[in-house]
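Counting starts at 1 for both ligands and their atoms, following the listed order. Residue numbers count from 1 along this sequence.
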Amino acid sequence: MIRPASPTDAPAIAEIWNHIIRDTVMTFTTAEKTARGLATAMETQPFFVNEAEGMVTGFATYAQFRPGPGYAFTVEHSIHVADHARGQGMGRALMEVLEDHARGEGMHSMIAGISGENPFGVSFHTALGYAEVARLPQVGQKFGRWHDLVLMQKFL
Ligand SMILES: CC(C)(COP(=O)(O)OP(=O)(O)OC[C@H]1O[C@@H](n2cnc3c(N)ncnc32)[C@H](O)[C@@H]1OP(=O)(O)O)[C@@H](O)C(=O)NCCC(=O)NCCS
């Protein structure tokens with residue numbers, strides 16, 4: 001079941017996200033999320049979760065792509081599904097709900113920023129209708145090496 005997140009989901013979201021932050025280059029940050037920080041973010045940013053048998057197994061959120069009024073209608077999303085729940089259609093279902101929400105808010109396009117070392121992230125977004133619009137070489141630095149960032153875009 002996909003539903004809007006509430007602050008009580010923040011610890012479960014942090015657990016899924018922090019595994020990706022700590023152990024992978026799918027995101028370049030090394031700053032782990034806190035439940036308190038996520039609960040605060042939920043006050044201004046839409047978050048949706050997938051819940052299965054009472055457990056949060058994935059989440060998606062979006063925020064303005066870059067600051068300032070000139071970018072008011074362009075958003076960038078984050079989506080992560082727990083390891084054991086991948087490949088079962090949850091990512092697609094979460095993105096459909098997220099895009100519907102953004103459309104309802106009058107957003108014009110949605111951007112995905114994907115690590116160059118995450119080819120499945122690229123395949124996933126291609127399957128959902130995103131097109132690669134840029135590949136920024138060596139803009140990320142993690143685990144002592146450079147990473148490219150692939151930007152993909154979908155018009156809503
Ligand atoms: C990327 C991610 C969100 C996808 O979620 P998911 O629930 O595993 O994906 P789904 O099962 O909904 O698959 C959706 C589409 O992706 C593609 N896909 C699924 N499994 C795939 C695989 N192993 N290889 C290539 N493409 C695949 C399929 O085309 C599928 O399309 P379909 O619905 O027509 O079958 C999830 O795997 C994840 O959290 N990965 C780690 C974090 C990450 O990469 N986040 C995105 C960074 S921007």
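None of Asn18, Thr24, Asp23 except one satisfies the side-chain contact (heavy atoms from CB on, under 4.5 Å) rule with Ile20; the exception is Thr24.
Glu15 CD: 12 or fewer foreign heavy atoms inside a 6.0 Å radius. Arg103 CZ: more than 12 foreign heavy atoms inside a 6.0 Å radius.
Centroid-to-centroid, the aromatic rings of His108 and Phe73 stay 6.0 Å apart or farther.
Within 4.0 Å of ligand 1, counting heavy atoms only, the contacting residues are Ile20, Met26, Ile79, His80, Val81, Arg86, Gly87, Gln88, Gly89, Met90, Gly91, Arg92, Gly113, Ile114, Asn118, Phe120, Ser123, Phe124, His125, Ala127.
Under the 4.0 Å criterion applied to side-chain N and carboxylate O atoms, Glu117 and Arg145 are assigned as salt-bridge partners.
Evaluation of the side-chain hydrogen bond (donor to acceptor under 3.5 Å, both in side chains) rule for Gln141 yields no partner, not counting sequence neighbours.
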